[in-house]
Protein chains: 2
Amino acid sequence: MSPRTKSSTPGAPTIVDVARAAGVSKGLVSLAVNDRPGVSDATRARVREAAEQLGWRPNLQARTLSTQTTYALGLVLRRDARIVAADPFYPAFMAGIESVLSTQGRVLVLSVVGDAEAEERAYRSLAADRRVDGVFLNDLRHGDDRVALLAELGMPGVLIGRLDHPGGLPAVVLDDRPGVVAAVHHLADLGHRELAYVAGDPALQHARTRRRAFEEAVAARGLTPTAVVDTDFTMAGGATATAALLEGRLRPTAVLYANDPMAVAGLGALQRAGVRVPDEVSVVGFDGTELAHHTWPALTTVRSDPEQWGAAAARTLLALTSTGSAPDVELAPAELVTARSTGPAPALRQAQGT
Amino acid sequence: MSPRTKSSTPGAPTIVDVARAAGVSKGLVSLAVNDRPGVSDATRARVREAAEQLGWRPNLQARTLSTQTTYALGLVLRRDARIVAADPFYPAFMAGIESVLSTQGRVLVLSVVGDAEAEERAYRSLAADRRVDGVFLNDLRHGDDRVALLAELGMPGVLIGRLDHPGGLPAVVLDDRPGVVAAVHHLADLGHRELAYVAGDPALQHARTRRRAFEEAVAARGLTPTAVVDTDFTMAGGATATAALLEGRLRPTAVLYANDPMAVAGLGALQRAGVRVPDEVSVVGFDGTELAHHTWPALTTVRSDPEQWGAAAARTLLALTSTGSAPDVELAPAELVTARSTGPAPALRQAQGT
DNA sequence: CTGAAAGCGCTTACAG
DNA sequence: CTGAAAGCGCTTACAG
């Protein structure tokens, strides 16, 4: 390497190049471009122009070292590769996050981990290496210990969904319940009396919320659930649960699933068993994914908006990291979208009753 | 803030704390922990022990500032949110990348962008801000200008797939063709003579490769494709293309799709039109996603391994960034997995011939 | 309103 | 084999 005279290198210009060009000290350049007080308008303009001319961008690493902020946000996904692949929620959610980060010069750091220990390690090393200024707390679990973990690490975080012990963290919430309730009423109005629910992983807060909404809505119609089956949110789980429902003492005339992938798998399982949908059994999904439009019959489903959710979460986390606090955000609730997979309860079943 | 005496703060320990504890200079600590020559074994051990005792981890930002490496890799996804959500390839691919990065203290920086300009901006700012040490070049396009862009930016990159003008970049390749060829033979062996292909976005290299493999395999069996339709790889595109095939002069007895989401949508479109699968029309997907197992009938598909692909790509990019070069990698080729969506050609059609 | 200096926490020639 | 110093490129009190 040749001896490099400071700032005369062919590489990217630095703050001292700008200072020299503007005829000021580099400290002043920093104040000027960061809109801090203590710089005359004339000087500020001169500095700005010099920076522009030289095409200078402040070096992010250097800035990070002195300000202790990284201009990056973190998302940790805990689930095995196959499940990640099948669930359309996260890609859309991440696209929503990106839609706001990209306009702010911020960046998303992603970790995909397989189990609980790896998840904790991931949060710890994001913190230890100061990789990110804050994290999204997604897939909230009942009694989630990540709230305490973040507190220990001194890391800002935003809750994606509602938590029973929020621990002072702001939450960005999309209420699932109205959609579930609407689905139950839709089916009850169609004459169904035997409704079954294929729930998600009971460790997950939103799985419990949806399940409870189902149970309460059914009760509100004076009915009792024919069956409720917990699963792991996977297609395989949805198929297995559906098979179990078909073997049950009382066969449901309608099945609601806690997400679209399970509903699709359930639809397949019903058809495989020779059950006609919706003639014999109606099917309802959850998430309103593109997939739901393209099955046959198309799925009645409950539409949330993962992209909006991601965008709102990113805005909230950004506010939190810069001001130290942020208000909760309540998004438009999930709503029912009806399609061909639901229809009148079969007359036969209606006649035979319970 | 209280006046902070250097390194006596309650915060994380720094290299000078370790140096003091070990009774050496901080430069020596650096040499010792980074396994550089010029440190006696005894001293190295002493330094190591001190570091361990204090629980010291070198500050990543500081290290980045002096070494000019960020220990992060970048992936830019260009596609709108809905398509990202429906395509199971990327989540699995990213999980594969993570499986190697997480063991190396590396991290994945993700950008999701909507169009070509945003994509270029994304690569440029990853480079300008030195966010990453290298990037994955995915969704390779015919005459892809990102190869030139990376050269301009001086940014290492790895090709995900084969490119006609690799530009000196290492490639990690999974050959799609054997799977497509096997699918064609499978159908031809079942007596099909009227094969149609629903291709992906013709701007994408792998869409072209798969399409060509189909055409060549059909020709090899002495047949002519009944139809070949280009799409955009979306479910909507698959449904539309399928509807068009049904209205064509000659109806195919088998349709191959360039990915599973399109095949699922195609299956739905066929069933919606009252066409029985596989009795009247056989259907073949591509990707071997979980989705394919759960439709009814389950899809015959061509299985690739996105997770392996991601892991191999990460290893290659890591090698490239650290040594300056890396060999191409050829993964196990895609292979056919048969299921219920393919069956013998309908006798009726066989009789009436072309 | 402005300059000169110290500091963020590392790495890396350069002397001994 | 080891120490003292300069440097990475910023930001931020502290004096004037």
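Given the structure is predicted, the values throughout are model-derived calculations rather than measurements. Lettering of chains follows the sequences in order, A, B, ..., and the numbering in each one begins at 1.
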- Query: CD of A:E307 to OG of A:S99: how many Å apart, nearest 0.5 Å?
  - Reply: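 If I round to the nearest 0.5 Å, the distance is 6.0 Å.
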
Rounded to whole Å, please give me the gap between [atom1] in [X] and [atom2] in [N].
| X | N | atom1 | atom2 | value |
| --- | --- | --- | --- | --- |
| B:L60 | C:dT11 | CG | C1' | 14 Å |
| A:Q61 | C:dG7 | CD | P | 23 Å |
| B:R20 | C:dG9 | CZ | C1' | 14 Å |
| A:L54 | D:dG9 | CG | P | 15 Å |
| B:D17 | C:dC8 | CG | C1' | 14 Å |
| A:D35 | C:dC1 | CG | P | 14 Å |
| B:I15 | C:dC8 | CD1 | P | 14 Å |
| B:L65 | D:dT11 | CG | C1' | 13 Å |

May I ask you to decide if [Y]'s main-chain N or O and [X]'s side chain share a donor-acceptor pair within less than 3.5 Å?
| X | Y | answer |
| --- | --- | --- |
| B:H165 | B:V147 | no |
| A:N34 | A:S30 | yes |
| A:Q61 | B:D129 | yes |
| B:D133 | B:T321 | no |
| B:S40 | B:T43 | yes |

- Item | Of A:R44 and B:R57, the one whose closest DNA chain C nucleotide lies more 5' |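 Mapping each residue to its closest nucleotide by heavy atoms, the 5'-most match is A:R44.
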
- Message: Using every non-hydrogen atom in the two residues, find where B:V18 and B:V47 come nearest and quote the distance to one decimal.
- Response: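 Minimum heavy-atom contact is CG1-O, 4.0 Å.
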
- Any A:F136 side-chain heavy atom under 4.5 Å of A:V172 side chain: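 With C-beta onward as the side chain, the pair stays apart.
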
Report, one pair per line, the protein and nucleotides 12-16 of chain D atoms (nitrogen or oxygen only) whose separation is under 3.5 Å.
from   : atom 1 : to    : atom 2 : distance (Å)
D:dT12 : OP2    : A:R36 : NH1    : 2.7

Given [options], identify the nucleotide with an atom nearest to the side chain of [X].
| X | options | result |
| --- | --- | --- |
| B:T14 | C:dC10, C:dG3, D:dC10 | C:dC10 |
| A:W56 | C:dG3, D:dC10, C:dG9 | D:dC10 |
| B:S25 | D:dA4, C:dG3, D:dC10 | D:dA4 |

- Query: Do the rings of B:F89 and B:F93 sit parallel, tilted or perpendicular, given the 30° and 60° boundaries?
  - Reply: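 It falls in the parallel class, under 30°.
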
- Message: Please classify the nucleic acid contact of B:T64 as base, sugar-phosphate, or nothing, using heavy-atom distances under 4.0 Å.
- Response: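 No contact.
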
- Starting at the 5' end of DNA chain D, what dot-bracket string do you get if Watson-Crick and G-U pairs under 3.5 Å are bracketed, crossing pairs use [ ], other-strand pairs use | and unpaired bases use dots? |||.||||||||.|||

